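Computed from a prediction, not measured in an experiment: that's the story for all the values here.
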Amino acid sequence: MTGQPGFQPGQAIAFRDVFRGRVKAAVPLRVVEDSSQRFVGWLPSGARFFLPVDGRGVLVKDVFGFEQLGELAWTVPESAGQLVVCPLGGLYSVVMRFFGPGWQMPEWYINLQSPLTRTRIGFDSTDLILDLVVGKNGDWRWKDEEEFASAIARGFASESEARNIRDAGEAALRHAIAGHPPFDSQWLKWRPPSDWSVPELPAGWADHAASPGGPGFLPNLPS
């Protein structure tokens, strides 16, 4: 799992959600792997990141409705952190959140997103709103369906793109149920090196030009 030319293992990078040329969120990840097959990053508990908020500092989920970014600390009770595994060229990432001293991982969180765009400071992608949660027992559910439908109705993406997004989720679900990588045991025993500190966003992350993101940013998927 060594890195290819690009970002090196242990390097702190900016993992940004962008939409129509604007940064909607920015998370610092420490590079686990950057290869021709995938990017894998580590977000430990305590890392500080930025999410969209309104003028009062209240978190905003509406893709069209945020005013600014607010700084938060990533903390989940009894969780050391989470791995983010992104098959390059794919329309999703897999979030693996570990809990307790035994590093239990109860579910796969499939975050639907546009393919990663490499930048000088990390990666940009557009969150596609609709997500899937797949339990280790095979149970699964869609997440944020109402928010997704509302965004599509207001022009977030075309109807054909919306179908592609849902198709991408269903394809990822089939991989998860079948136990195909990365939905296998490959990463379950991974642990961060003891000398890794909590990563910080690279200097200038907010000023670095964002990838466009927006209608037309999704490839057509094979049927």
Side-chain angles (χ1 to χ4, degrees), residues 6-7 11-31 34 39 41 43 47-74 82 84 86-95 109-132 143-166 168-169 199-221:
F7 300 114
Q11 185 175 353
I13 61 110
F15 199 77
R16 304 190 305 177
D17 173 24
V18 302
F19 180 58
R20 295 181 178 173
R22 188 179 182 189
V23 177
K24 285 184 63 259
V27 178
L29 296 179
R30 204 164 284 287
V31 176
D34 181 12
F39 168 77
L43 176 66
R48 302 196 69 82
F49 62 103
F50 288 81
L51 290 182
V53 297
D54 63 17
R56 300 170 298 163
V58 178
L59 287 174
V60 175
K61 292 193 68 177
D62 186 349
V63 66
F64 297 105
F66 78 99
E67 299 178 26
Q68 58 194 354
L69 295 177
E71 187 177 16
L72 302 167
W74 192 89
Q82 61 188 33
V84 181
C86 305
L88 293 189
L91 289 179
Y92 67 91
S93 61
V94 181
V95 178
Y109 189 98
I110 300 171
N111 186 75
L112 298 177
Q113 61 190 48
S114 66
L116 298 184
T117 297
R118 186 182 296 271
T119 73
R120 179 179 56 80
I121 60 171
F123 291 97
D124 285 355
S125 171
T126 298
D127 184 78
L128 301 178
I129 304 174
L130 188 64
D131 299 319
L132 279 157
K143 186 175 180 294
D144 298 328
E145 286 190 283
E146 291 185 6
E147 182 185 350
F148 179 67
S150 175
I152 295 301
R154 289 179 291 156
F156 172 75
S158 68
E159 289 297 330
S160 63
E161 287 175 325
R163 288 192 296 272
N164 282 351
I165 292 169
R166 192 172 287 273
E200 297 181 357
L201 286 164
W205 67 267
D207 300 321
H208 189 78
S211 305
F217 58 87
L218 294 176
N220 290 322
L221 298 177

For residues Ile165 and Leu91, determine if any side-chain heavy atom of one lies less than 4.5 Å from a side-chain heavy atom of the other.
-> no
Residue pair Pro202 / Ala12: nearest heavy atoms and the distance that separates them = CG-O, 3.9 Å
For Glu71, does the CD atom sit with more than 12 other heavy atoms under 6.0 Å from it, leaving out its own atoms?
-> yes
Taken in chain and number order and not counting sequence neighbours, the residues that satisfy ring-ring contact (aromatic ring centres under 6.0 Å, His included) with Phe123 are Phe7, Phe39
Tyr92-Asn111 side chain donor-acceptor pair, cut-off 3.5 Å = no
At their closest point, which heavy atom of Leu43 faces which heavy atom of Leu29, and how far apart are they?
-> CB-CD2, 3.6 Å
At what distance, to the nearest 0.5 angstrom, does CZ of Arg163 lie from OG of Ser158?
-> 7.5 Å
Are Phe156 and Phe19 close enough that their ring centers fall under 6.0 Å?
-> yes
Minimum-distance pair of heavy atoms, taken over all atoms of Cys86 and Val84 = SG-CG1, 3.8 Å
Within-4.5 Å side-chain heavy-atom neighbours: Arg16 and His208 = yes
NZ/NE/NH1/NH2 to OD/OE distance under 4.0 Å, Arg118 and Asp34 | yes
Please assess Glu145 against Arg166 for the test side chain to side chain contact (heavy atoms under 4.5 Å, CB included), listing each intermediate value before the final yes or no.
-> CA-CA 10 Å; Glu145 286 190 283; Arg166 192 172 287 273; 3.4 Å; yes
What pair of heavy atoms forms the shortest contact from Ala151 to Ile129, and how long is it?
-> CB-CD1, 3.4 Å
Taking atom types as modelled, is there a side-chain donor on Ser93 or Gln113 under 3.5 Å from an acceptor on the other?
-> yes
Any Arg30 side-chain heavy atom under 4.5 Å of Pro199 side chain | yes
Check: Thr126 side chain, Val18 main-chain N or O, donor-acceptor pair, under 3.5 Å = yes
Where do Tyr109 and Lys143 land on the side chain to side chain contact (heavy atoms under 4.5 Å, CB included) test, with the steps shown first?
-> CA-CA 10 Å; Tyr109 189 98; Lys143 186 175 180 294; 3.3 Å; yes
Chi angles and distances behind the side chain to side chain contact (heavy atoms under 4.5 Å, CB included) call for Val23, Leu69 = CA-CA 9 Å; Val23 177; Leu69 295 177; 4.2 Å; yes
Grab the two heavy atoms, one from Ala73 and one from Arg48, that are nearest each other, plus how far apart they are.
-> CB-NH1, 3.4 Å
Only one of Trp205, Trp74, Phe15 passes ring-ring contact (aromatic ring centres under 6.0 Å, His included) with Phe50, and that residue is Trp205
Distance-only, no hydrogens or angles: does the Asp131 side chain make a donor-acceptor pair with backbone N or O of Leu112 under 3.5 Å?
-> yes
Heavy atoms of Ala162 and Ile152 approach each other most closely as CB-CD1, 3.8 Å
For residues 51-64, dump all side-chain donor-acceptor pairs below 3.5 Å to protein atoms at least two apart in sequence or in another chain.
residue: Asp54; atom: OD1; partner: Arg56; partner atom: N; Å: 2.9
residue: Asp54; atom: OD1; partner: Gly57; partner atom: N; Å: 3.1
residue: Asp54; atom: OD1; partner: Val58; partner atom: N; Å: 2.9
residue: Asp54; atom: OD2; partner: Arg56; partner atom: NH2; Å: 3.3
residue: Lys61; atom: NZ; partner: Asp144; partner atom: OD1; Å: 3.0
residue: Lys61; atom: NZ; partner: Glu147; partner atom: OE1; Å: 3.4
residue: Asp62; atom: OD1; partner: Phe64; partner atom: N; Å: 3.0
residue: Asp62; atom: OD1; partner: Arg154; partner atom: NH1; Å: 3.4
residue: Asp62; atom: OD1; partner: Arg154; partner atom: NH2; Å: 3.0
residue: Asp62; atom: OD2; partner: Arg154; partner atom: NH1; Å: 3.1

